[in-house]
There are 2 protein chains.
Amino acid sequence: MSELKPPSFVSAQMVADRAGVSRSAVSRTFTDGASVSEATRRKVLEAADALGYHVNHLARGLRERSNIVCLVVADMTTPIRARMVDVLTRKLQASGKITMVINTETDTESVSAALRQTLNYRADATVVLSGTPPASLIETCISNGQQVILINRDERLQGSSSLGVDNAMAGREALFLLRRAGCERLGLITSNARTASLVEREAVFVEAAAAEGLQVVVTEAGPTSYESGQEAARRVFGRSEAPDGVFCVTDLLALGFMDVARRDFGLAIPDDLCVVGFDDIEQAGWASYQLTTFRQPLNPMADEVVDLLLQPQRAVSERRMIEPIPVWRRSVRPGKR
Amino acid sequence: MSELKPPSFVSAQMVADRAGVSRSAVSRTFTDGASVSEATRRKVLEAADALGYHVNHLARGLRERSNIVCLVVADMTTPIRARMVDVLTRKLQASGKITMVINTETDTESVSAALRQTLNYRADATVVLSGTPPASLIETCISNGQQVILINRDERLQGSSSLGVDNAMAGREALFLLRRAGCERLGLITSNARTASLVEREAVFVEAAAAEGLQVVVTEAGPTSYESGQEAARRVFGRSEAPDGVFCVTDLLALGFMDVARRDFGLAIPDDLCVVGFDDIEQAGWASYQLTTFRQPLNPMADEVVDLLLQPQRAVSERRMIEPIPVWRRSVRPGKR
DNA sequence: AAAGCGATTGCACACAAGTGCATTTCTTCG
DNA sequence: CGAAGAAATGCACTTGTGTGCAATCGCTTT
């Protein structure tokens, strides 16, 4: 039989009609702790099943929390970002939230538009993985009762809680590793993204080197990518004085850098050149690279996010710092040559 | 105990009060084509701005389409999946939709739970990238007026529209490439995922080889991953009769396979061994691999999805096939040795 | 000035839920 | 058998929108 009515979602009213009870009874059947007799509950569940009823979370979200969390993210295809999104969606789901992903550019205008979307959908919280939203907009979010959590972003934005890895530690430790390997001519490879995190890793590394009386040649190629790493290597080894120890502020940069150093300039790693990365993306562990790097502990970070969500009062202006975990592989010599 | 009013979202009513107009006027101000005088519109916009008002899309979604699209996906960290999610979220956003990501396992029970979530949030459509939902649940979605679009899934699920790359073409072409390179002892590497797509690539490759009187040694390692590719290589080259031409049904498998073949068994690619992959993930183009493979045309696929969303009537039980694009790199010889 | 007419505006309802409160039903005990 | 108490139920209101319908406003025309 062909239906006249266009298909549409089945509501609690329809279930109530079919079960011969009031709509309230249906509502209570699907609400924990509400008072419903076993008999009605059975009738309701049966009718709901027959009609294919599903509670409308949108309508529910009108009165109480929506249970929606927005993830504002750029460069999703980057391995580290993909993992972040993966881990976060998993943990958020496990704690009863649903994730909306807003794929954006990193410029302020795009991020602002993303934040506004976040408000449009009454998200309980927004987690920002990329870009830096304007303070005024964050304030709007917060005055609307929405939490804002920044990950690896510029710290100290009034009212938002923020969360990041200890870049300074990585910068110092990277220098230590390269020096222990006996590297004398140090290089640093970074991208033009100029993120707070990247800048800090660079600054601390350069500073720590200066403290030992060493100068660092800093090379900034294009965006944070494999190709930029390649480009940086071409530039670095095209010069007269080539480095023998390099800290790449990102694994992707490191991998591109290594490939060109080895293939185009015939350098052996770690014999002629030591390389340290940051992130510990999957590819860093591949046999072709075996990159020594610092792991962003994504699971603990995601746990922290969930924790902040569950205790909103904790969240105000708090800044949590997480230690990256050194991962020793073969791109740095264990001792001097 | 004097409770401060908890911060909450500002509603159209508040804006109306402040602007001294009716709530309808506010609603009309934010509705295209509605009739509002320039004067009230200005007053409303001013009040809205002052209060930080944002239209509640949840409430809007009660009456009309929610503009929510759910993406059901597993293995998000896999480069190909990450790119799919990236491209899809981008294109969906561009056409005014918002994406909810449901990160799931591939087993039927998890996928079913994901589909139910989809219904709970009144998504206009669900796009399934992983796993195979039970037909009954798809039917429920459709009878609720929700579109279901399956990508690279088992075809022919009543009522859903489905979309996939031409695996048969890839299987045939892979054989052609290897034969042209003069490979005599053929191997095929697959995972234990047993997806329809993977199975088809395998079947067609084996069949095409049989048509030329050649037998293919099929190796199935663990899940679809780099590590499984490594494992497969260890097994394959541990045997007496090693292949000189291999089709890996996935780039990730291919990369792991290549690394072990070269590093642990000293094989030169493409001189001693030719390798063909599938997907064209970013890493396939890296200098260390230069893998010849087939690109999944993600942009056209995403365009197709958006197209199906905008023309729901088209969507019923349609199956669209997209040709993968051969990408010739250096893992296969251009001619016989 | 009155009528005509189109552009605005507000009322009230619909959408789909949860819940306080009053009412009804059931259970249990005296 | 009746009353007290507990459990179950339904009514009506709430959440924030969009919109049909009727009323009103302002302007033009005769």
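Each chain gets a letter, A, B and so on, in the order the sequences are listed, and its residues count up from 1. Keep in mind the model is a prediction, meaning the values are calculated, not measured.
Side chain of A:Asn56, nearest nucleotide from C:dA16, D:dG18, C:dG18: C:dA16. Proximity note for A:Ser35 (side chain, C-beta onward) versus D:dA8, C:dG18, C:dA17: the nearest is D:dA8.
A donor-acceptor pair is defined here as one N or O able to donate and one able to accept, closer than 3.5 Å; no such pair exists between the side chain of B:Asp124 and the backbone of B:Arg65.
In this model, the phosphate group of C:dA17 is approached by a side-chain N or O of A:Tyr53 to a distance below 4.0 Å at OP1 or OP2. OP1 or OP2 of D:dT9 sits under 4.0 Å from a side-chain N or O of A:Thr40.
Counting non-hydrogen atoms under 4.0 angstrom, B:Gln13 reaches nothing in the nucleic acid. Within the nucleic acid shown, B:Ser27 comes within 4.0 Å of at least one base atom, counting heavy atoms only. Note on A:Val26: nothing from the nucleic acid sits closer than 4.0 angstrom, heavy atoms only.
At whole-Å resolution of the value, CZ in B:Phe30 and P in D:dG18 are 9 Å apart. Rounded to an integer number of Å, the gap from CG of B:Asn67 to P of C:dC15 is 19 Å. Taking atom CG of B:Asn144 as the reference point, atom P of C:dA16 lies 11 Å away to the nearest angstrom. As rounded to whole Å, 21 Å separates atom P of D:dC25 from atom CD of B:Glu38. Taking atom CG of B:Leu62 as the reference point, atom P of C:dC13 lies 18 Å away to the nearest angstrom. Atom CZ in A:Arg42 sits roughly 15 Å away from atom C1' in D:dA8 (whole-Å rounding). D:dA8 atom P lies 13 Å from atom NZ of A:Lys43, rounded to whole Å. The NE2-C1' distance, from B:His57 to D:dG18, rounds to 13 Å in whole Å.
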Practice prompt. List the steps and the verdict of side-chain contact (heavy atoms from CB on, under 4.5 Å) for B:Ile149 and B:Gln147.
Written response: CA-CA 7 Å; B:Ile149 301 177; B:Gln147 281 184 63; 4.3 Å; yes
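If you find the closest nucleotide of DNA chain D to A:Ser37 and to A:Ala59, the one lying nearer the 5' end belongs to A:Ser37.
The base of D:dG20 lies close enough to the side chain of B:Arg28 for a donor and an acceptor atom to sit less than 3.5 Å apart. The base of D:dG16 is not paired with the side chain of A:Arg63 by any donor and acceptor separated by under 3.5 Å. Taking only distance into account, the side chain of B:Ser24 meets the base of C:dC11 through a donor-acceptor pair shorter than 3.5 Å. Interface remark: the A:Arg122 side chain does not form any donor-acceptor pair with the D:dG16 base, using a distance-only criterion of under 3.5 Å. Judged by atom type and distance alone, B:Arg23 reaches the base of D:dG18 through a side-chain donor-acceptor pair under 3.5 Å.
Inter-residue side-chain proximity for A:Pro79 and A:Arg83 is flagged as unmet; no heavy-atom pair is nearer than 4.5 Å.
How far CD1 of B:Ile151 is from OG of B:Ser162: 9.5 Å, rounded to the nearest 0.5 Å.
Between A:Tyr53 and A:Phe30, a ring centre-to-centre spacing shorter than 6.0 Å is recorded.
Other residues, nucleotides and ligands place more than 12 heavy atoms under 6.0 Å from the CD atom of A:Gln13.
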